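Order of the sequence lines sets the chain letters (A, B, ...), proteins ahead of strands, with each chain counted from 1. Quantities reported herein were computed from a predicted structural model and do not represent experimental measurements.
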Protein chains: 2
Amino acid sequence: MLTKQELIKYCNDARQNYLDHVSIDCVVFGFHEGQMKVLLLKTHHEEKWYLPGGFVLKEEPIEMAANRILMERTGLDKIFLQQFHVFGDPDRSKFHNDLYKDMLPTQENWFAGRFLSIGYYALVDFFEVTPQPDQFSESCTWRDLDDVPELQLDHELIFKTALDALRLQLNYQPIGYNLMPKEFTMPELQKLYETILDKKLDRRNFQRRILAFGILNRAEQPRKGGAHKAPYLYSFDLENYRHALTEGFKGGW
Amino acid sequence: MLTKQELIKYCNDARQNYLDHVSIDCVVFGFHEGQMKVLLLKTHHEEKWYLPGGFVLKEEPIEMAANRILMERTGLDKIFLQQFHVFGDPDRSKFHNDLYKDMLPTQENWFAGRFLSIGYYALVDFFEVTPQPDQFSESCTWRDLDDVPELQLDHELIFKTALDALRLQLNYQPIGYNLMPKEFTMPELQKLYETILDKKLDRRNFQRRILAFGILNRAEQPRKGGAHKAPYLYSFDLENYRHALTEGFKGGW
DNA sequence: TACAATTGTGTACTTTATACACCTTTGTTT
DNA sequence: AAACAAAGGTGTATAAAGTACACAATTGTA
């Protein structure tokens, strides 16, 4: 809970710098070695969880805003964010809007206005980044997908919609660059798909299909040292990968 | 061109009623008997073409806003609109913003502010609806997809992005209800797909594939009276159609 | 009556998808 | 050292889907 002075200061700052009525919320999925998580913020002294979100500067492109917001609120930089939906229910922040209504008249409280929220999602390796909570948050932590706490506002809807969008994306776009180490084994890549889809895939059929996409290069030398048979190492063929990103996989019709 | 008094009046009205910084633009694709068109507005006394767009009322859900805007600007009612993207470049309406800068200082001109635009698209039978221009427009007309005039602002980008979204949709959702008459022949339905995709499909393979989706019922009696062999008539199985709409066609992974 | 246009139906071939089995490698157990 | 378990590479049989065709049936027109 803010003091009245703090609230007024934040309102003035926001009114001056941010575009009114528009916010951005980011759903950052984290993957590492078969585990999938989502990045959440928890406010000070409360058990209230949020997706990292924020506002758009008056002259800022929204893609830049999404990246800046993610950076400011979680410390994560240079993450590829993908716009997926706008959440525009006028009541979506009703509870939030009323929070400070006794302290400051709603008309004077910039944050109590109506906000549409543009949803962005991303998929990162959570071992490659170190989330840092901002001043408003007590913690910024990865939560297992099957252990997501109750979220504030409509953030559960945003989260679920993002997960659907991500799963749909698997069908016509390559995925995994920036998630896998430079070289990785086929079972490791399969884990990624299985984790996102939350189901088991056949080892051999997965291999055939993913190889058919033509976005992988196999290294000469297999990985050594581990227990069991030495697996081959693969890396993404960046050129083909990027091409597949823009062109998509199967044409459909 | 508006007079200064008119502009001031519109600004006041808008400031009072509309959410600042947010607009909606609709890309309405029209289809009938193998022709595909897009609905455009032309301003009075100018050769300036726009997509039908407008603003969101302060307490209005954005889906309702999209429908109201389409109704107000084109007369089209009860059209299923699908949100597909937000266009958030701060310069997207730069030219438009400067239009009245000599008449009214930019700060006082509500319309000269920055607007994000939420894109919606729809697909309708253009024989079933009668577009009516609103007071701002000289005409509201269907234009052939390959004869789209130069569009104002970033409306060409919005149009093209909508077309991509529509084509992508063909791969995992049924389409055509509300576009085809209650009963239609297979070649007629094929025309729809060919027109949207702008390419020829094999007659026989199309039939097999579309029938495999299980969303069509074949009538007992073929159509009579026309020249040539009497074709069978089909209608959409609404239950299966709706199911396919929510579930999607092929799972992919 | 021949013909062109349109539509229905079939079939061979290719490609993908699915469901399996078997072998190799490597560290651990006995 | 031999046996074993676990992980991983590769293959194959079958089914389903996609592609490319050919031919027959119907109907109005030349």
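Atom-to-atom, CD of B:Gln207 to C1' of C:dG10 comes out at 12 Å; the value is rounded to the nearest Å. Rounded to an integer number of Å, the gap from A:Gln190 CD to D:dA7 P is 13 Å. A:Lys191 places its NZ atom 10 Å from the P atom of D:dA7, with the value rounded to the nearest Å. What separates CG of A:Leu201 from C1' of C:dC20 is a distance of 16 Å, to the nearest Å. Rounded to an integer number of Å, the gap from CZ of A:Phe206 to P of D:dG9 is 12 Å. One can place CG of A:Leu216 at 12 Å from P of D:dG9, the figure rounded to the nearest angstrom. In this structure, the NE2 atom of A:His228 is 8 Å from the P atom of D:dG8, given to the nearest Å. At whole-Å resolution of the value, CG in B:Asn171 and C1' in D:dG18 are 14 Å apart.
Nearer to the 5' terminus of DNA chain C, by closest-nucleotide assignment, is the contact made by B:Leu233 (compared with the other of A:Asp202 and B:Leu233).
Of the candidates D:dG9, C:dT9, C:dC20, C:dC20 carries the atom nearest the A:Arg204 side chain, counting heavy atoms from C-beta on. Here the side chain of A:Arg209 is nearest to one of C:dC20, C:dA17, D:dT19, namely C:dA17. Side-chain proximity of A:Asn205 to the nucleotides D:dG9, C:dT18, D:dT27 is greatest for C:dT18. Taking only side-chain atoms of B:Lys229, from C-beta outward, the nucleotide of D:dA25, C:dT18, C:dA21 with the closest atom is D:dA25. In this structure, the nucleotide among D:dG9, D:dA13, D:dT19 sitting nearest to the side chain of B:Arg208 is D:dT19.
Relative ring orientation between A:Phe236 and A:Phe184 is described as tilted, the plane-to-plane angle lying within the 30° to 60° band. Using cut-offs of 30° and 60° on the angle between ring planes, the pair B:His155 and B:Tyr50 is perpendicular.
Within 3.5 Å, no donor on the side chain of B:Arg203 pairs with an acceptor on the base of D:dT19, nor the reverse. Counting distance only, with no hydrogens placed and no angle test, the side-chain atoms of B:Arg218 and the base atoms of C:dG8 include no donor-acceptor pair under 3.5 Å.
With 3.5 Å as the limit, one finds a donor-acceptor pair spanning the side chains of B:Tyr121 and B:Gln169.
Residues A:Cys140 and A:Leu39 are in side-chain contact: their nearest non-hydrogen atoms beyond the backbone lie under 4.5 Å apart.
With sequence neighbours left out, B:Glu239 forms a salt bridge (Lys or Arg N to Asp or Glu O under 4.0 Å) with no residue at all.
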